[in-house]
Participant: 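Quick one: the structure is below, questions incoming.
Since we're looking at a predicted model, the values are computed, not measured.
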Number of protein chains: 2
Amino acid sequence: MHEQTAGRPTLASIAAAAGVSLPTVSKVVNGKTDVAPATRERVLALLDQYDYVPLARRPVPEPDSPLVDVVFTALDSPWAVELLRGITESGLEIVVDSLAARPQDGDWVRSLIAGGRRGAIVVTSRITAADQRRLGRSHLPVVVIDPVDMPGPDVPSVGATNWSGGMAATEHLVELGHRRIAVIGGPEDYLCSRARIDGYRAALDRAGIPADPALVRHGNFHHDGGYERARELLELPDRPTAVFAGSDEQAFGVLEAARQAGLSVPGDLSVVGFDDLPMARWSSPPLTTVRQPLADMGRMAGRMLLDLVSGRELASQRVELATSLVPRASTARRP
Amino acid sequence: MHEQTAGRPTLASIAAAAGVSLPTVSKVVNGKTDVAPATRERVLALLDQYDYVPLARRPVPEPDSPLVDVVFTALDSPWAVELLRGITESGLEIVVDSLAARPQDGDWVRSLIAGGRRGAIVVTSRITAADQRRLGRSHLPVVVIDPVDMPGPDVPSVGATNWSGGMAATEHLVELGHRRIAVIGGPEDYLCSRARIDGYRAALDRAGIPADPALVRHGNFHHDGGYERARELLELPDRPTAVFAGSDEQAFGVLEAARQAGLSVPGDLSVVGFDDLPMARWSSPPLTTVRQPLADMGRMAGRMLLDLVSGRELASQRVELATSLVPRASTARRP
DNA sequence: GGTGGTTTCGAAGATGTTTCGATAGCGTCG
DNA sequence: CGACGCTATCGAAACATCTTCGAAACCACC
């Protein structure tokens, strides 16, 4: 059945070329000691030349990469694509599941168990203790991305350094001379949102700027959330000169509200977003924002789930990937 | 054992021709893994050559909502979320599959068959005749969204009225007094792209405006495609006063190029996009665009696939959903 | 019970690893 | 000088996996 000398290099072919026996080549590959330096050199050179790859580590086409659910509360943001891209790259086969699209009783945990899934990734979503227990009973691992509540210590989760992100955004604005800095968070009870606002507070605190509760607002993470809260903020008697929005979409809403109010950005109002969606670069002005490595978060969650599915231990139950400020043109010195 | 080539090809006859056993052929048809690549190729070629079609329907495994693949070439656009939302709403359970994320040899048809999927929705992607036959052999229906090539008459597909869309966009510009109207299409060979450009030509024709080939460009559907082609167009000695872009993302690229060239939109240059992504409303200026009902297209594709999976006949093999012009602020009368 | 296809299971083969003994080289001691 | 002992190097053979594939049992249906 073997034919080709031209095909994939095997230990045997290398051995023949080097004029040694097969086991000797094996020893070289595995770093065993009982090989003469000269022989080792000769074999290594040939291994290199033939570009030998051991069979075990060969890109084995995953015969049946595990099928897992990715549960979104709703598929309503470009956000989702970024995550999905990351997750697909982790080597899982994923079923997208949108709670919003489900018939309202839709019990995703049941269908997940019944559907033969091997696990789940839950995105910014509340996972109840009951759900957790049921999943545990069926030995189905879950990884949460950007958990809404602080998850129990036994629920692995992936997030971003929201606190630092909020801090960095706010410090950036403080450095530009702003004093009246507003923040628009996501829904009040979201963990990520609270962390960002805490970062904001910490930065103000450090700069010795008193926090004005009137400048802290909450809205949904979408355009309208940003738009409406910005409208309110801009109508304040002593309106803010800068707004830190909880998401890029919100920030676009803020831009819109500013435009309607006849304010120029960043001339009259500086705006910082959060996420760094691809389109943040193309808005006008290009949006200064806190980059959240969404695709990496997806990939990380995928890899963690893959580990859990194959019964490996996780290095850590909670992983936070670094955010970083991306200064663009929507922020400027205080007018 | 009868030997004649005359009758309907059976697994046994294919097996004989390939010099393998019957079970091996069965495994190839069902995408099982334990077949050597060379053998698989040989058998697939013969299945093709003999145009094998199985007799009995395979025992249907799951009664609950069928699991189907949604195959993207790449998950690289907010576009994708819209479609996904629509598809999830149709009551299918969907597995997202990105060809880009696959190791390049990745034979998606095989993993689809082996993975027990009940069908597939292929998005703007070339589906080869061979793939089609293989899916047919396994009784797996496929629906194509926005097919790249004109699909065979037996491949159900969902699209939008691209021609009318192109026509509407161009007529809108003509009505605004524009005469030098450029168009940026997607990749040259995309069906949807060609249809839009034909609509553009038809509108020009109707208005008695001679078509200038220099004003017809092709680029990828993303921001950079639009940006680069717009740069070229704006450097023309007799530059266009309006650009019809093949996608919203491209249109954002055009806006960017105009900004860099110091042109105001819509003052100096009118821009029309295509798709009506959510963010088209929030760009500045808000983008006049041709609305493509992406979520509806997804839902329609889902419903068609659902019908096919449950063995119902389709009312029509090819469905085109209506596009409509959404005039916003990126177009104005010719300067 | 025949036809058409699927599944299970083990045999055969291919590839790599490990063990262990053969041998050569070299120094040392009688 | 030659016997002896020691070590470094290497390959034969046994072992361990993993892949590939078919015999035979099985299933569904007519």
Participant: Per the atom types in the model, does the base of dG11(D) pair as donor or acceptor with the side chain of Lys27(A) at under 3.5 Å?
Facilitator: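 Such a pair is found, so the answer is yes.
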
Participant: May I ask you to say what Pro9(B) touches in the nucleic acid, namely base, sugar-phosphate or nothing, with a heavy-atom cut-off under 4.0 Å?
Facilitator: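 Counting heavy atoms under 4.0 Å across all strands, no contact is made by Pro9(B).
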
Participant: Using side-chain contact (heavy atoms from CB on, under 4.5 Å) as the criterion, point out the one residue from Thr88(A), Ile121(A), Leu305(A), Asp69(A) that pairs with Ile94(A).
Facilitator: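 Checked Thr88(A), Ile121(A), Leu305(A), Asp69(A) against Ile94(A); only one passes side-chain contact (heavy atoms from CB on, under 4.5 Å): Thr88(A).
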
Participant: Tell me the interatomic distance from Lys32(A), atom NZ, to dT19(C), atom P, rounded to whole angstroms.
Facilitator: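 It is 7 Å, rounded to the nearest whole Å.
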
Participant: Specify the separation, in whole Å, of atom CG of Leu11(A) and atom P of dG13(C).
Facilitator: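 So the CG-P distance, Leu11(A) to dG13(C), works out to 21 Å.
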
Participant: Please work out which residues in residues 17-25 of chain A have a non-hydrogen atom less than 4.0 Å from an atom of DNA chain C and list them by number.
Facilitator: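 Residues of residues 17-25 of chain A under 4.0 Å from DNA chain C: Leu22(A), Pro23(A).
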
Participant: Show the nearest heavy-atom pair for residues Arg303(A) and Ser90(A), with the distance to one decimal.
Facilitator: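 In this case the closest contact between Arg303(A) and Ser90(A) is N-CB, 3.9 Å.
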
Participant: Just to verify, which of Gln317(B), Arg318(B), Glu320(B) counts as forming a side-chain hydrogen bond (donor to acceptor under 3.5 Å, both in side chains) with Ser157(B)?
Facilitator: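 Output: one option passes, namely Arg318(B).
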
Participant: Taking atom C1' of dA22(C) as reference, at what distance in whole Å does atom CG of Asp34(A) sit?
Facilitator: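 Atom CG in Asp34(A) sits about 13 Å away from atom C1' in dA22(C).
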
Participant: Which nucleotide, dG5(C), dC21(D), dG16(C), lies nearest any side-chain atom of Ala36(B)?
Facilitator: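 Shortest atom-to-atom distance from the side chain points to dC21(D).
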
Participant: Could you state the atom-to-atom distance from CG of Asn30(A) to P of dC15(D) in whole Å?
Facilitator: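 Result: 20 Å.
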
Participant: Answer whether the closest heavy-atom distance between the side chains of Val81(A) and Trp79(B) falls below 4.5 Å.
Facilitator: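 Contact flag for Val81(A)/Trp79(B) side chains = no.
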
Participant: For the pair Asp149(B) and Arg194(B), evaluate salt bridge (charged side-chain N to carboxylate O under 4.0 Å, His left out) and give the outcome as yes or no after the intermediate values.
Facilitator: CA-CA 10 Å; Asp149(B) 306 304; Arg194(B) 283 208 307 269; over 6 Å; no

Participant: Between the two end axes of the helix from dG1(C)-dC30(D) to dG30(C)-dC1(D), each built from 5 base pairs, what angle do you get to the nearest 10°?
Facilitator: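 Both end axes considered, the difference amounts to 30°.
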
Participant: From the set dT17(C), dC20(C), dT15(C), return the single nucleotide nearest to any side-chain atom of Thr10(A).
Facilitator: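 Taking heavy atoms from C-beta onward, the closest nucleotide is dT15(C).
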
Participant: Mind checking what makes side chain to side chain donor-acceptor pair (under 3.5 Å) contact with Ser77(A), not counting sequence neighbours?
Facilitator: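 For Ser77(A) the side chain to side chain donor-acceptor pair (under 3.5 Å) partners, ignoring immediate neighbours, are Glu249(A).
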
